[in-house]
Amino acid sequence: MAASQRAGADRLDEGEVEIVFRRLSEAMPGRTPTAKGPKDQPDPFRSVVSCLLSAQSRDTNTKKAADALFALAKTPDAMLALEDEAIAAAIKPCGLYNTKTRSLKKLCAALIETHERTVPATREGLMSLPGIGRKCADIVMSFTFGADVIAVDTHVHRVANRIGLTNAKTADETAKQLEERAPGWALHDGHFWLIQFGKRICVSRRPKCEACPVSDLCLYYRTMSVD
Ligand code: SF4
């Protein structure tokens with residue numbers, strides 16, 4: 001009997017995790033050569049700034065704010081030289097604009113003072129920047145630097161924990177568990193398979209379990225079937 005079929009198991013075992021990724025890789029599109037990430041910002045500075053702006057904001061509003069901000073300043077020095085009011089007005093569409101203005105200035109100052117005006121290409125370096133957490137760091141690592149990293153957004157978090165790939169309460173914990181549990185071959189494209197699966201099949205409300213290629217393994221589905 002597989003580990004996850006024993007009473008009380010809340011995660012799939014290693015072999016089942018591999019099967020899930022294999023099936024998702026066959027059913028869902030992976031990374032494309034032109035993938036720019038959810039913030040659509042391939043340049044490292046633009047990418048990290050856009051991630052900071054994206055907190056509690058829809059992608060369309062983040063993009064509006066980022067476009068307005070980059071029209072004013074394209075480098076850490078130029079952004080740091082802007083008046084706070086000018087930044088706040090530009091980024092208003094993404095909300096929390098006063099807090100984000102302060103964070104942006106700290107981010108630019110840190111890049112200038114500690115990183116020679118270059119966005120670090122490691123998770124640790126990125127997470128050392130003011131306002132940049134694991135999710136942002138992993139998005140920049142994956143999309144801007146092409147690293148084999150499964151960045152975890154709301155879709156990936158939901159899907160991973162429903163299936164039982166992870167048993168995490170937070171997106172950061174899901175990211176840590178996926179890094180430990182996903183097979184190495186799945187790290188490059190895993191984000192793309194999971195996010196597309198979350199948008200097409202395992203949607204937030206009323207997941208399409210009847211059309212799901214991993215329903216026989218999914219812990220959420222087994223629980224629902226028992227109920
Ligand atoms: Fe999502 Fe349903 Fe598939 Fe489970 S069986 S992964 S809940 S769509």
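Counting starts at 1 for both ligands and their atoms, following the listed order.
- Contact atoms of ligand 1 toward Phe197: 3 (Fe), 6 (S) (distance under 4.0 Å to a heavy atom of the residue).
- Each of Thr62, Leu104, Leu129 was evaluated against Leu52; a single residue qualifies, Leu104, per the side-chain contact (heavy atoms from CB on, under 4.5 Å) test.
- Of the protein's non-hydrogen atoms, the one nearest atom 7 (S) of ligand 1 is Tyr220 CD2, 3.3 Å.
- When distances to atom 1 (Fe) of ligand 1 are checked against a cut-off of 2.8 Å, Cys202 contributes an N, O or S atom below that limit.
- Between Thr174 atom OG1 and Arg134 atom CZ the span is 10.0 Å, to the nearest 0.5 Å.
- Nearest-residue assignment for atom 4 (Fe) of ligand 1 (options Gly198, Cys212, Cys218; heavy-atom criterion): Cys218.
- Without hydrogens or angle criteria, Arg158 side chain to Gly198 main chain gives a donor-acceptor distance under 3.5 Å.
- The protein heavy atom nearest to atom 6 (S) of ligand 1 is Ile163 CG1, 3.5 Å.
- Counting the atoms of ligand 1 from 1 in the order shown, those under 4.0 Å from a heavy atom of Ser215 are 5 (S).
- Residues Arg200 and Met28 form a side-chain contact, since some pair of their non-hydrogen atoms from C-beta on lies under 4.5 Å apart.
- Side-chain N/O atoms of Asn161 and His157 include a donor and acceptor closer than 3.5 Å.
- Nearest protein heavy-atom contact of atom 2 (Fe) of ligand 1 is Cys209 SG, 2.3 Å.
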Verify side chain to side chain donor-acceptor pair (under 3.5 Å) between Trp185 and Glu18, making sure each step is shown before the conclusion. CA-CA 10 Å; Trp185 57 264; Glu18 173 112 20; 2.9 Å; yes

